[in-house]
A.B. asks: 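Please see the structure below; I have some questions.
Sequence positions, counted from 1, serve as the residue numbers for this chain. Everything quoted here is computed from the prediction, not taken from an experiment.
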Amino acid sequence: MVMEAIPFVLVGVLISGMIQTFVTEKWISRIVPSNRYLSSLFGCGIGVLFPSCECGIVPITRRLIGKGMPLHAGIAFMLTGPIINPIVLFATYIAFGDDWRMVAIRGGMAIAVAFCVSIAVSYLFPKLPFKHELAPVAAAIEPEAVVQAPRASVWSRINEVIVHAIDEFFDVGKYLVAGAFIAAALQTYVPTSTLLHLGGTPVAASLVMIVLAFVISLCSEADAFIASSFRSTFNVGALSAFLVFGPMIDIKNTLMLLGTYRGRFVAVLIGLVAVFTLLGSLIVGRWFA
């Protein structure tokens, strides 16, 4: 799990470093809509531009929010980014035997769940729930710093990106390693067959697949191949719950979230994602039975 996730964490912290160095608050405020609902839709949509799994999306989201993106828009991006990017959607298409229907179900349900969760977050958490305050950026310190920043050499700015990425990598990496060990222990000592026997009704089946996605903690580029192996056991609704909940919330990124946000916020976020994923899977199961 660690070796599978580290490349994506590296990509995530490098993007985070570039955002810190090259993206200004003024630019963020210009491109993000001020309307609550439009900004949530914006957050859901930009995930297609960032081919990162859930392991690398947390530092990117933290930096975007720190730069001025509204919390709910950042959360919408964090939830959809690991699912609707082209790499994951293409992997889903291949895993389900060139079936565009599952690709559409996964992408559409992910956007719907993320949008609903982000709107709920916007009302429940009007203030940023960061565990620790982010370091202030140059624009917030002195007007003179803003004037001098463009004069920095290319190499100095690249060095700034690398230094920031290194700090972010070790900050996030410890939670990744701890989460991987917990997930591996659960996979070792909790047989999958124990969970599968519990899925007798549509609600129970979706709940089982949500728990399984959380426990297995796969990267989103690979989880579709595992989900496809359950086609003979569960219906489309339960499979969609696995494909949507896992990339949004698993053991690895839960610990990374706890290292960034306050515990109450993380608990509410997980609960909201679970509820809306369950509702979405039941709707999908009824429509595509």
A.B. asks: Determine the sole option in Val244, Asn235, Ile105 for which the side chain to side chain contact (heavy atoms under 4.5 Å, CB included) test with Val284 is passed.
C.D. replies: Ile105
A.B. asks: Can you name the nearest heavy-atom pair linking Val113 to Val273, along with the distance?
C.D. replies: CG1-O, 4.3 Å
A.B. asks: Do Val121 and Phe115 sit in the same hydrophobic cluster, where Ile, Leu, Val, Met, Phe, Trp and Tyr count as joined when their side-chain heavy atoms come under 4.5 Å apart?
C.D. replies: no
A.B. asks: Can you check whether Met256's main-chain N or O pairs, donor with acceptor, with Asn253's side chain at less than 3.5 Å?
C.D. replies: no
A.B. asks: In Å and rounded to the nearest 0.5 Å, what is the OH to CZ distance from Tyr93 to Arg101?
C.D. replies: 14.5 Å
A.B. asks: Evaluate the side-chain proximity of Phe125 to Ile75: yes if any heavy-atom separation is below 4.5 Å, no if none is.
C.D. replies: no
A.B. asks: So which atom in Ile65 and which in Pro70 form the shortest heavy-atom distance, rounded to 0.1 Å?
C.D. replies: CG1-O, 4.4 Å
A.B. asks: Using side-chain heavy atoms (C-beta onward) and a distance below 4.5 Å, is Met102 in contact with Val236?
C.D. replies: yes
A.B. asks: Report yes if the side chains of Leu257 and Met78 come closer than 4.5 Å at any heavy-atom pair, otherwise no.
C.D. replies: yes
A.B. asks: Quick one: pull up OG1 in Thr260 and CG in Leu255 and give me the separation to the nearest 0.5 Å.
C.D. replies: 11.0 Å
A.B. asks: How long is the straight-line distance from OG of Ser228 back to CG of Asp223, given to the nearest 0.5 Å?
C.D. replies: 10.0 Å
A.B. asks: Output the distance between atom CD1 (Ile210) and atom CD1 (Ile270), rounded to the nearest 0.5 Å.
C.D. replies: 12.5 Å
A.B. asks: For the residue pair Val88 and Pro82, establish whether any side-chain heavy-atom pair is separated by less than 4.5 Å.
C.D. replies: no
A.B. asks: Kindly indicate whether the side chain of Ile46, heavy atoms from C-beta on, has any atom under 4.5 Å from the side chain of Met69.
C.D. replies: yes
A.B. asks: Do Cys44 and Ile84 make a side-chain contact, defined as non-hydrogen atoms from C-beta onward lying under 4.5 Å apart?
C.D. replies: no
A.B. asks: Which atom names give the shortest non-hydrogen contact between Ala227 and Leu239, and what distance separates them?
C.D. replies: O-CD2, 3.4 Å
A.B. asks: Can you measure from CG (Leu243) to OG1 (Thr277) and round to the nearest 0.5 angstrom?
C.D. replies: 11.0 Å
A.B. asks: Does Phe225 share a hydrophobic cluster with Phe242, counting links as ILVMFWY side-chain heavy atoms below 4.5 Å and allowing steps through other members?
C.D. replies: no
A.B. asks: Can you name the side chain to side chain contact (heavy atoms under 4.5 Å, CB included) partners of Arg36, sequence neighbours left out?
C.D. replies: His72, Ile119, Ser122, Tyr123
A.B. asks: About how many Å separate CD1 of Ile83 and CZ of Phe245, when rounded to the nearest 0.5 Å?
C.D. replies: 11.0 Å
A.B. asks: Provide the closest heavy-atom pair for Ser240 versus Gly237 in the form atom of the first, atom of the second, distance.
C.D. replies: OG-O, 2.6 Å
A.B. asks: Phe265 versus Phe130: any side-chain heavy-atom pair under 4.5 Å?
C.D. replies: no
A.B. asks: Check Asp99 with Arg231, please: is the shortest side-chain N to carboxylate O separation under 4.0 Å?
C.D. replies: no
A.B. asks: Check Arg106 against Ala224 and note the closest heavy-atom contact, atom names and distance.
C.D. replies: NH1-CB, 4.0 Å
A.B. asks: Under the 3.5 angstrom rule, does the side chain of Ser206 hit a backbone N or O of Val203 as a donor-acceptor pair?
C.D. replies: no
A.B. asks: In the single-linkage hydrophobic clustering (I, L, V, M, F, W, Y; side-chain heavy atoms under 4.5 Å), do Leu38 and Leu79 co-cluster?
C.D. replies: no
A.B. asks: Linking I/L/V/M/F/W/Y whenever any side-chain heavy atoms sit under 4.5 Å apart, do Val32 and Leu41 land together?
C.D. replies: no
A.B. asks: Check Tyr37 against Asn35 and note the closest heavy-atom contact, atom names and distance.
C.D. replies: N-OD1, 2.8 Å
A.B. asks: If Ile, Leu, Val, Met, Phe, Trp and Tyr residues are connected whenever their side-chain heavy atoms lie under 4.5 Å apart, and connections chain through other members, are Trp100 and Trp287 in the same group?
C.D. replies: no
A.B. asks: Is the shortest heavy-atom distance from the side chain of Val208 to the side chain of Val211 under 4.5 Å?
C.D. replies: no
A.B. asks: Give a yes or no on whether the backbone of Ile216 and the side-chain of Asp250 come within a donor-acceptor separation of less than 3.5 Å.
C.D. replies: no
